[in-house]
Amino acid sequence: MSETEERPPAAVVFDALGADYEKAFASSPAHLASLDWLLGHLAPGSRVLDVGSGTGRPTAAALTAAGHDVLGVDVSPVMVSLAARQVPEARFRHADIRELPLEEESLDAVCVYFSLLQMSRPEQRDVVGKLARALRPAGSMVLATVPADVEDLPIEFMGQPVRATSFGAEDFAALARSAGLTVLARHLSEFTPAHPSGTPEPHLFLYCRREEGQAPTGRDEGA
């Protein structure tokens with residue numbers, strides 16, 4: 001088996017994309033609006049985990065500029081290297097969130113921007129449940145995905161072959177609720193990436209909170 005085959009598929013894709021991904025997606029108004037919402041719900045010096053942190057922009061850059069303690073995690077070593085150079089105020093770690101141990105109730109907020117799409121549905125449920133358990137009571141989470149009822153669908157993404165898995169909008173919200181999160185608001189918009197192959201795509205953002213006294217489970221029997 002080759003080194004490429006042994007690595008997570010997302011690592012192969014995003015190593016190849018590098019800074020082009022930032023150029024294509026960092027200007028998304030809905031993404032920036034969700035960061036404004038999150039910043040409005042954080043106390044000074046909050047601990048924030050950025051899952052699939054990419055190049056560090058715009059997410060980690062906005063959070064550290066506001067004085068928060070940010071850890072970015074990404075399976076792509078190229079992305080981690082770019083982020084460390086571009087946002088030195090944050091910490092970045094080359095790791096797979098599916099395998100990374102997280103201390104329960106240790107985080108004030110979590111960001112998950114489109115980083116579940118190359119995971120299976122059971123993996124997505126498990127990861128969101130683990131992240132919910134890592135939130136302190138009343139902690140905030142932003143979840144973003146491309147809402148679609150697809151499993152292991154072969155597509156081309158910015159010139160790279162990808163196999164995508166996702167949920168429809170209602171099932172994705174149900175997944176968040178089953179993890180012990182309250183969906184405070186949702187925003188569905190259309191965005192065209194700034195890339196030669198870019199076409200309009202739907203983006204769903206869920207603004208969530210872990211309620212006090214509610215034990216997250218990470219199981220979603222209804223989705």
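Computed over heavy atoms, backbone and side chain alike; hydrogens, waters and symmetry mates excluded. Residue numbers start at 1 and run along the sequence shown.
Between R209 and E211 a salt bridge is recorded (basic side-chain N to carboxylate O distance below 4.0 Å). The existence of a salt bridge linking D69 and R91 is confirmed by a sub-4.0 Å separation between a basic side-chain nitrogen and an acidic carboxylate oxygen. The pair D108-R136 counts as a salt bridge, with a side-chain nitrogen and a carboxylate oxygen less than 4.0 angstrom apart. Using a cutoff of 4.0 Å between basic side-chain nitrogens and carboxylate oxygens, E105 and R133 are not scored as salt-bridged.
Between H203 and F205, the two ring planes are perpendicular [angle over 60°; tilted spans 30° to 60°].
Connection of M141 to Y207 is not established within any shared hydrophobic cluster, with ILVMFWY side chains joined at heavy-atom distances below 4.5 Å, either directly or through further cluster members. The hydrophobic clustering, which links ILVMFWY residues whose side-chain heavy atoms are closer than 4.5 Å, places V51 and L82 apart. Hydrophobic cluster membership is shared by L107 and L71, with clusters built from Ile, Leu, Val, Met, Phe, Trp and Tyr side chains linked at under 4.5 angstrom. Criterion: ILVMFWY side-chain heavy atoms under 4.5 Å apart, direct or through other members. Under it, L188 and L116 are part of a common hydrophobic cluster. Follow the hydrophobic side-chain contacts under 4.5 Å out from L117 and you never reach L131; the two are in separate clusters.
For A95 against V73, the heavy-atom pair with the smallest separation is O-CG1, 3.5 Å. Across S46 and H68, no two heavy atoms sit closer than the pair N-ND1, 3.1 Å. Heavy-atom minimum distance, R98 versus P8: NH2-CB, 4.0 Å. Across every non-hydrogen atom of S53 and D74, the tightest pair is N-OD2, 3.3 Å. What you find for R85 and S81 is that their closest heavy atoms are NH1-OG, 2.9 Å. Pairing each heavy atom of G159 with each of S197, the nearest pair is N-OG, 4.3 Å.
Taking the side-chain contact (heavy atoms from CB on, under 4.5 Å) definition, one finds that P200 meets it with E190, T192, sequence neighbours left out. Checked against salt bridge (Lys or Arg N to Asp or Glu O under 4.0 Å), E151 has the following partners two or more places apart in sequence or in another chain: R121.
In this structure the side chain of V142 never reaches within 4.5 angstrom of the side chain of L206, judged on heavy atoms. Side-chain contact between S106 and E104: absent, with no pair of heavy atoms (C-beta onward) separated by less than 4.5 Å. Taking 4.5 Å as the limit, every side-chain heavy atom of Y21 sits out of range of all side-chain heavy atoms of P193. D149 is not listed as a side-chain neighbour of S166, based on a closest heavy-atom distance of 4.5 Å or more. Two residues are said to be in side-chain contact when any heavy atoms from C-beta on lie closer than 4.5 Å; F14 and Q160 fail this criterion. Looking at P202 and F191, their side chains never come closer than 4.5 Å, going by heavy atoms from C-beta outward. Using a 4.5 Å heavy-atom threshold, the side chains of K23 and D20 count as touching. You'll find the side chain of V112 stays beyond 4.5 Å of the side chain of I97, heavy atoms only.
In the model, Q118 has no side-chain atom that pairs as donor or acceptor with a side-chain atom of R163 under 3.5 Å. T165 and D152 are not linked by any side-chain donor-acceptor pair at a separation below 3.5 angstrom, with hydrogens and angles left out of the test. At a cut-off of 3.5 Å, with distance as the only test, a side-chain donor of S34 or Y113 sits close to an acceptor on the other residue. Side-chain contact annotation: T59 with H31, donor-acceptor N/O pair under 3.5 Å present.
Hydrophobic clustering, defined by side-chain heavy atoms of Ile, Leu, Val, Met, Phe, Trp and Tyr closer than 4.5 Å, groups F92 together with V80, V87.
Side-chain atoms of K130 never come within 3.5 Å of backbone atoms of R125 as a donor-acceptor pair (strictly under, hydrogens ignored). Q124 places a side-chain N or O within donor-acceptor distance of the main-chain N or O of M119, the cut-off being under 3.5 Å.
Separation of atoms CG (L143) and SG (C111) is listed at 9.5 Å; rounding is to 0.5 Å. We find the OG1-CD distance between T64 and E89 to be 5.0 Å, quoted to the nearest 0.5 Å. Of the inter-residue distances, the one linking F157 atom CZ with E201 atom CD reads 6.5 Å to the nearest 0.5 angstrom.
In this structure, F25 has its ring center no closer than 6.0 Å to that of H195.
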side-chain contact (heavy atoms from CB on, under 4.5 Å) between L17 and V78, worked out: CA-CA 9 Å; L17 293 178; V78 170; over 6 Å; no

